[in-house]
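Below is one structure; the comments refer to it alone.
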Number of protein chains: 4
Amino acid sequence: MFLELDMAGDKPIYVQLKEQIIEGIARGSLRPGDDLPSVRALAADIGINLHTVNKVYQQLRQEGYIQIHRSRGVMIHPDGFLKADKTYRTNLKATLRPLIAEAIVHDFSAEEFARLSQEVYEQILTKEGGEDE
Amino acid sequence: MFLELDMAGDKPIYVQLKEQIIEGIARGSLRPGDDLPSVRALAADIGINLHTVNKVYQQLRQEGYIQIHRSRGVMIHPDGFLKADKTYRTNLKATLRPLIAEAIVHDFSAEEFARLSQEVYEQILTKEGGEDE
Amino acid sequence: MFLELDMAGDKPIYVQLKEQIIEGIARGSLRPGDDLPSVRALAADIGINLHTVNKVYQQLRQEGYIQIHRSRGVMIHPDGFLKADKTYRTNLKATLRPLIAEAIVHDFSAEEFARLSQEVYEQILTKEGGEDE
Amino acid sequence: MFLELDMAGDKPIYVQLKEQIIEGIARGSLRPGDDLPSVRALAADIGINLHTVNKVYQQLRQEGYIQIHRSRGVMIHPDGFLKADKTYRTNLKATLRPLIAEAIVHDFSAEEFARLSQEVYEQILTKEGGEDE
DNA sequence: GTGGTCTAGACCACG
DNA sequence: GTGGTCTAGACCACG
């Protein structure tokens with residue numbers, strides 16, 4: 001897989017793992033219907049705790065990203081895009097709010113914020129590495 | 001003050017407090033040079049511990065939002081806007097990355113993301129209430 | 001460990017502890033990748049409060065001396081030497097300035113100052129005891 | 001006078017004042033036998049508390065930098081250089097020790113440390129401004 | 001009166 | 001078991 005976990009950073013491992021799977025879906029590396037490794041296999045592969053992988057899979061299932069079948073294993077949800085309903089939009093706005101307040105104090109206009117977001121969109125879709133760019 | 005903390009939620013109190021002070025600066029309720037309450041006064045006012053407030057003040061100082069005078073109290077940094085340097089932009093992009101990956105999977109275009117950000121900008125600047133709106 | 005704290009002196013405990021850990025790294029007693037005791041273990045070991053140790057660890061982490069893994073404990077930063085960038089040099093010069101002004105008034109030449117510094121270098125690297133020696 | 005105090009910084013005002021007077025002596029702006037303003041006059045001049053100035057003068061007197069005569073006021077000690085005795089050297093070494101330990105971890109050799117000290121010597125003696133240079 | 005430091009003790013998230 | 005967060009309460013340095 002394409003996973004790279006930073007065991008030292010202050011972001012919890014399960015959060016990193018979850019984010020990277022979602023980013024994999026976003027950029028098309030993982031496509032609707034694709035198989036994911038079993039909990040056990042993935043945990044062994046990247047050398048982390050079973051509980052950690054399990055927690056991630058449960059959350060991804062609950063949020064509609066993946067399906068878990070008892071016998072046939074784990075796969076990316078075959079329906080493709082999730083729905084961007086009111087709940088999603090409300091949560092996103094609440095999450096953005098402190099970031100945008102910070103941006104304002106840094107004299108960052110809405111246009112600049114949009115431009116920077118656009119850059120991130122392109123980084124993800126063109127599979128560019130994150131962090132230090 | 002204009003503070004409203006959710007003691008039950010899973011967002012730490014000190015993070016909420018910090019975010020609300022930054023938003024206060026962003027929307028102009030707190031202006032460069034304004035006094036902030038002393039650590040003890042604010043703690044008593046909102047019914048939390050002195051150390052929690054102190055932690056917030058120390059972080060805000062370190063990030064350039066406020067100045068702390070040893071025996072004359074605390075004030076919003078008189079220089080106004082902080083600089084949006086490369087470090088700031090890099091961090092912001094890293095923070096946005098998982099949000100935007102999620103957005104993509106929700107079939108949210110860069111334009112829609114920009115429009116929603118714009119709404120948040122306006123909410124903050126026109127002093128509209130946050131979270132559940 | 002090699003720690004000896006003066007609880008009575010006017011130098012704060014957390015400063016003493018921080019300095020001694022840095023000196024331990026400097027003279028090679030603590031090497032890149034070495035484990036440090038957990039916050040609680042060290043606090044119990046030297047008979048001080050957990051928060052005091054935690055403050056030291058947080059500062060050391062922020063300055064790049066150590067890494068803190070959420071549930072695997074603390075270790076000396078594996079990358080070895082820190083970079084002596086412009087910020088570091090500027091801070092060091094600002095710190096030295098009052099010491100050197102004093103030295104001048106004591107008729108201490110730059111050469112004598114260098115010689116005395118050299119002695120301290122050797123004391124640290126050859127593990128000689130500090131303070132009153 | 002040539003004093004510039006940073007009321008916001010975390011260095012206590014009395015320490016800043018004391019350091020600047022000593023630096024004034026070091027670079028020859030204040031010469032043996034020169035008069036200093038009275039406690040009252042200096043406090044009024046720079047807008048700080050009487051106690052603060054008084055504390056500084058008492059410490060400077062005790063360390064041999066100035067003389068205080070009840071009726072004839074305050075003056076730089078007429079004898080010129082202070083003696084760099086064993087006590088002075090021991091204290092200086094103890095003060096330098098944590099700075100040099102830090103320097104070692106930053107891969108700073110004794111020679112580089114001496115060179116940087118030399119720069120500070122020259123800055124003081126040629127009356128260059130401090131802090132940001 | 002202000003922030004700085006320190007203690008003692010508690011519950012929680014992570015893995 | 002580890003660090004993260006929070007509380008309650010104390011004494012001190014500074015001005």
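Being a predicted model, the structure only gives us computed values, none of them experimental. Convention: sequence-line order gives letters A, B, ...; per-chain numbering from 1.
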Practice problem: Please determine if Glu102(B) and Arg97(B) form a salt bridge, counting it only when a charged side-chain N lies under 4.0 Å from a carboxylate O. | Solution: no
Rounded to whole Å, please give me the gap between [atom1] in [X] and [atom2] in [N].
X        : N       : atom1 : atom2 : value
Asn49(B) : dT5(E)  : CG    : C1'   : 14 Å
Leu5(B)  : dC6(F)  : CG    : C1'   : 13 Å
Ile68(B) : dG15(F) : CD1   : C1'   : 17 Å
His69(B) : dG4(E)  : NE2   : C1'   : 16 Å
Gln16(D) : dC14(F) : CD    : P     : 12 Å
Ile48(B) : dA10(E) : CD1   : P     : 22 Å
Asn54(C) : dG9(E)  : CG    : C1'   : 15 Å
Ile13(D) : dA13(F) : CD1   : P     : 17 Å

[X] side chain N/O closer than 4.0 Å to the phosphate oxygens (OP1, OP2) of [N]?
X        : N       : value
Ser38(B) : dG1(E)  : no
Thr52(A) : dC14(E) : no
Gln58(C) : dG4(F)  : yes

Quiz item: Between Tyr65(D) and His106(C), what is the ring plane arrangement, given parallel below 30°, perpendicular above 60°, and tilted in between?
Solution: perpendicular
Exercise. Ignoring hydrogens and angles, answer whether the base of dC6(F) and the side-chain atoms of His51(C) contain a donor-acceptor pair closer than 3.5 Å.
Key: yes
Exercise. Could you tell me whether the side chain of Arg40(C) has a donor or acceptor atom within less than 3.5 Å of a complementary atom in the base of dG4(F)?
Key: yes
Practice problem: Would you mind reporting whether Leu3(B) and Asp45(B) have side-chain heavy atoms less than 4.5 Å apart? | Solution: no
Practice problem: Between Lys11(D) and Ser71(C), just flag the one whose closest nucleotide in DNA chain F comes earlier from the 5' side. | Solution: Ser71(C)
Quiz item: Who does dG4(F) pair with, Watson-Crick or G-U, both distances under 3.5 Å?
Solution: dC11(E)
Quiz prompt | Earlier contact from the 5' end, DNA chain E, for Val15(A) and Asp10(D) | solution = Asp10(D)
Which listed nucleotide ([options]) is nearest to the side chain of [X]?
X        : options                  : answer
Tyr14(D) : dG15(F), dT7(F), dG15(E) : dG15(F)
Pro12(B) : dT5(F), dC6(E), dT7(E)   : dT5(F)
Lys55(A) : dC14(E), dG15(F), dT5(F) : dC14(E)

Quiz item: Ile76(B) and side chain to side chain contact (heavy atoms under 4.5 Å, CB included): which partner among Leu60(B), Asp35(B), Leu30(B)?
Solution: Leu30(B)
Self-check item: Over all atoms of both residues, closest heavy-atom pair of Tyr57(C) and Ser38(C)
Solution: CE2-C, 4.4 Å
Practice problem: Tell me what Arg72(B) touches on the nucleic acid: a base, only sugar-phosphate, or nothing, going by heavy atoms under 4.0 Å. | Solution: nothing
